Amino acid sequence: MSPSNKQGSLSFGEEAAAYERGRPSYPPEAIDWLLPSGAQRVLDLGAGTGKLTVRLVERGLDVVAVDPIPEMLEVLSHSLPQTPALLGTAEEIPLPDNSVDSVLVAQAWHWFDPKRAAQEIARVLRPGGRLGLVWNTRDERMGWVKDLGTIIGHEHDPLSDEVTLDTPFTDVERNRVEWTSYLTPQALIDLVASRSYCITSPTEVRTRTLEKVRELLATHPALANSTGLALPYITVGIRATLP
């Protein structure tokens, strides 16, 4: 991880609670597609507050969570006290060789050094194991969601060719699932507040951004006086196999 990436990823510790309140979970069909058949022990790498971890635990899987941010793992452990939560990075995973059937990475691959991470993930995976990457991206085809993107920055589609998996992984496949997350107006504000560019912006920029989001909530015809919001997402995934 480069120094700038490391600083950016660690900034999430300042807004761990907002991250947990505002960030969406992941649709079951996207998780089904990522996991190999018969997987039992799964590593959630870059687990954050456990948005994906909890979905894996609910399936009865043997899950270990790894993240470099203590504040994130503290939130995760509060909701999942029986799940091992270890400090570590994608470049230095605190697990032995050949110890997991699958490694899943949710919303975090861009923080990793991809070459080093690929080699380290291959080390902890058992032969035939699978690496799965997943991102939630806002579906900005809908009017107010597109307006939100104008305020906070438009989503980037990680299924583009710029996201690649290095050797030794093979059989790389890509997938997308459309779904809807339901949240409160305050949760939308928390979602914006937990984004890295908002956390790392100067105070006046951060304040102005959040004010614009509140104004959108108060004035947009689809949002004004609403106590619940329907936020459409496209969940995109990439999976690959370790020979």
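Here the structure is a predicted model, which is why all the values come from computation and not from measurement.
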[X] bridged to [Y] by N-O distance under 4.0 Å:
X      : Y      : value
Lys212 : Glu215 : no
Asp101 : Arg41  : no
Lys146 : Glu155 : no
Glu211 : Arg208 : no
Arg59  : Asp32  : yes

With rounding to the nearest 0.5 angstrom, report the [atom1] to [atom2] distance, [X] to [Y].
X      : Y      : atom1 : atom2 : result
Tyr233 : Ser25  : OH    : OG    : 11.0 Å
Asp171 : Leu165 : CG    : CG    : 11.5 Å
Asp147 : Ile152 : CG    : CD1   : 11.5 Å
Arg214 : Leu188 : CZ    : CG    : 10.5 Å
Leu73  : Leu80  : CG    : CG    : 11.0 Å
Leu45  : Phe112 : CG    : CZ    : 4.0 Å

Applying a strict under-4.5 Å side-chain criterion to I, L, V, M, F, W and Y, I'd like to know whether Leu148 and Val205 cluster together. no
Would a hydrophobic clustering, with Ile, Leu, Val, Met, Phe, Trp and Tyr connected at side-chain separations under 4.5 Å, put Ile234 with Val177? no
Give a yes or no on whether [X] atom [atom1] has more than 12 heavy-atom contacts from other residues, nucleotides or ligands under 6.0 Å away.
X     : atom1 : value
Asp97 : CG    : yes
Glu58 : CD    : yes
His78 : NE2   : no
Gln82 : CD    : no

Heavy-atom donor-acceptor pair, [X] side chain to [Y] backbone, under 3.5 Å:
X      : Y      : answer
Ser226 : Leu229 : no
Gln119 : Thr167 : yes
Arg130 : Leu35  : yes
Glu91  : Asp113 : yes
Arg239 : Trp33  : yes
Arg126 : Asn98  : yes
Arg123 : Leu95  : yes
Asp44  : Ala65  : no
Ser77  : Glu74  : no
Thr241 : Pro243 : no

Heavy-atom nearest pair, Ala39 first then Leu61, reads O-CD2, 3.2 Å
Show your working on side chain to side chain contact (heavy atoms under 4.5 Å, CB included) between Leu104 and Val134 and close with a plain yes or no. CA-CA 8 Å; Leu104 298 188; Val134 63; 6.0 Å; no
Only residue of Leu34, Val105, Ile31 satisfying side chain to side chain contact (heavy atoms under 4.5 Å, CB included) with Leu52 is Ile31
Would you please say whether a donor-acceptor pair under 3.5 Å links the side chains of Trp135 and Thr235? no
